[in-house]
Amino acid sequence: MANEEWGPLAGLIGTWEGNSGMDVSFHNEEGKVGETGYFERTTFKPFGPVANGKQELYGLDYRMAAWRQGEDNPFHTEVGYWMWDAKEQQVTRCFSIPRASTLIAGGTVAPSAKEFDLEAVIGSNVYGILSNPYLDRIAKCVRYTVTIKVTDDT
């Protein structure tokens, strides 16, 4: 399998771990925004090509989990796909979390890019965000952005 088929996603293939994450979020127990250090593990498994009419995609099946330091059970998990459309030069990240929320983020990315940005906004038919009714009322996600930087070992 030639990794160049995955374009800018090729550098993500494998299992990645880190222990210096910082989650800034609302803490229900304290009733305010707080910071939580965490450990994270993400696995990217390549697949493809996927024929979608005249579109041909290469993808990464991914699974992610994050644990608060000192805890055994993850406080956050994701399952989803990262997709590369070489013809349109689009990277798409789609994932769901077990709080019944899902999103598709994307952006235009050069095939050899080592750094790129993806975005999703609520209400968009392309690269959008969906939530269950409770989250829509209580903790609505209205915008999602991520910057990916790939080096030899990070």
Side-chain angles (χ1 to χ4, degrees), residues 1-25 36-68 71-136 139-154:
M1 177 173 5
N3 282 351
E4 61 268 4
E5 301 292 356
W6 282 264
L9 301 180
L12 298 176
I13 296 170
T15 298
W16 298 89
E17 296 181 343
N19 64 1
S20 59
M22 184 60 65
D23 179 38
V24 179
S25 61
T36 304
Y38 66 89
F39 169 81
E40 179 179 355
R41 178 182 303 121
T42 307
T43 302
F44 299 94
K45 295 181 181 177
F47 65 91
V50 175
N52 190 27
K54 292 183 179 182
Q55 183 182 48
E56 184 174 270
L57 305 171
Y58 282 82
L60 303 176
D61 176 304
Y62 92 97
R63 311 237 177 241
M64 177 275 200
W67 296 262
R68 289 184 182 95
E71 294 184 3
D72 293 330
N73 293 320
F75 74 94
H76 180 81
T77 60
E78 297 174 10
V79 296
Y81 301 101
W82 290 72
M83 305 300 296
W84 170 237
D85 180 341
K87 183 176 178 185
E88 298 290 328
Q89 293 194 347
Q90 292 289 298
V91 168
T92 303
R93 176 184 185 187
C94 48
F95 67 90
S96 294
I97 58 174
R99 289 181 292 279
S101 185
T102 191
L103 70 78
I104 301 176
T108 302
V109 180
S112 61
K114 298 296 183 192
E115 181 174 344
F116 55 91
D117 300 311
L118 306 178
E119 182 177 57
V121 294
I122 195 166
S124 177
N125 290 333
V126 177
Y127 303 144
I129 302 166
L130 294 171
S131 297
N132 69 54
Y134 174 79
L135 288 177
D136 190 57
K140 181 186 306 186
C141 178
V142 297
R143 184 170 177 253
Y144 169 88
T145 60
V146 64
T147 298
I148 303 300
K149 296 179 185 177
V150 179
T151 65
D152 289 340
D153 62 353
T154 61

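Taking 4.5 Å as the limit, every side-chain heavy atom of Thr145 sits out of range of all side-chain heavy atoms of Asp117. By the 4.5 Å heavy-atom criterion applied to side chains, Gln89 and Trp84 are counted as neighbours. In this structure the side chain of Tyr58 never reaches within 4.5 angstrom of the side chain of Leu9, judged on heavy atoms. With a 4.5 Å cut-off on side-chain heavy atoms, Met64 and His76 count as touching. Here the side chains of Phe75 and Asp23 are in contact, with some heavy-atom distance below 4.5 Å. Counting heavy atoms from C-beta on, the side chains of Pro98 and Thr77 come closer than 4.5 Å.
Here the CD1-NZ distance, from Ile148 to Lys114, works out to 13.0 Å after rounding to the nearest 0.5 Å. With values rounded to the nearest 0.5 angstrom, Glu78 atom CD is found 11.5 Å from Arg63 atom CZ. Ser101 contributes atom OG, which lies 7.5 Å from atom CG of Leu130 (distance to the nearest 0.5 angstrom). Atom-to-atom distance recorded for Leu12:CG and Phe44:CZ is 5.0 Å, nearest 0.5 angstrom. Interatomic distance, CG of Asn132 versus OG1 of Thr102, reported as 11.5 Å (0.5 Å rounding). Note that OG1 of Thr43 is 11.5 Å distant from CG of Leu60, once rounded to the nearest 0.5 Å.
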**Message:** I'd like to know whether Trp6 forms a side chain to side chain contact (heavy atoms under 4.5 Å, CB included) with Trp82, so could you lay out the CA-CA distance, the side-chain angles of the two residues, the decisive distance to 0.1 Å, and finally the verdict.
**Reply:** CA-CA 10 Å; Trp6 282 264; Trp82 290 72; over 6 Å; no
**Item:** Verdict with reasoning, Asp85 to Thr92, per side chain to side chain contact (heavy atoms under 4.5 Å, CB included)
**Value:** CA-CA 8 Å; Asp85 180 341; Thr92 303; over 6 Å; no
**Request:** Would you sort out whether Ile129 and Val142 count as a side chain to side chain contact (heavy atoms under 4.5 Å, CB included), showing the intermediate values?
**Result:** CA-CA 7 Å; Ile129 302 166; Val142 297; 6.0 Å; no
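Here the closest non-hydrogen pair linking Ala65 and Pro74 is CB-CB, 4.2 Å. Minimum heavy-atom separation, Met83 to Phe47: SD-CZ, 3.7 Å. In plain terms, the two heavy atoms of Pro8 and Val91 that are nearest each other are CG-CG2, 3.7 Å. Taking every heavy atom of both residues into account, Tyr38 and Ala66 meet most closely at CD1-CB, 3.7 Å. In terms of heavy atoms, Ile104 sits closest to Ala120 at O-CB, 3.3 Å. Pairing each heavy atom of Ser131 with each of Asp136, the nearest pair is CB-N, 4.2 Å.
Atom OH of Tyr81 is surrounded by 12 or fewer heavy atoms from other residues, nucleotides or ligands within 6.0 Å.
Counting only residues at least two apart or in different chains, salt bridge (charged side-chain N to carboxylate O under 4.0 Å, His left out) contacts with residues 118-128 comprise Glu119-Arg143. Evaluation of the ring-ring contact (aromatic ring centres under 6.0 Å, His included) test over residues 106-136, restricted to residues two or more places apart or in two chains, returns none.
Ring centers of Phe39 and Trp67: under 6.0 Å apart, within the cut-off.
Listed for the Asn52 side chain is no donor-acceptor partner under 3.5 Å among the backbone atoms of Gln55.
Looking only at atom types and distance, the side chain of Thr108 has a donor-acceptor partner in the side chain of Gln90 under 3.5 Å away.
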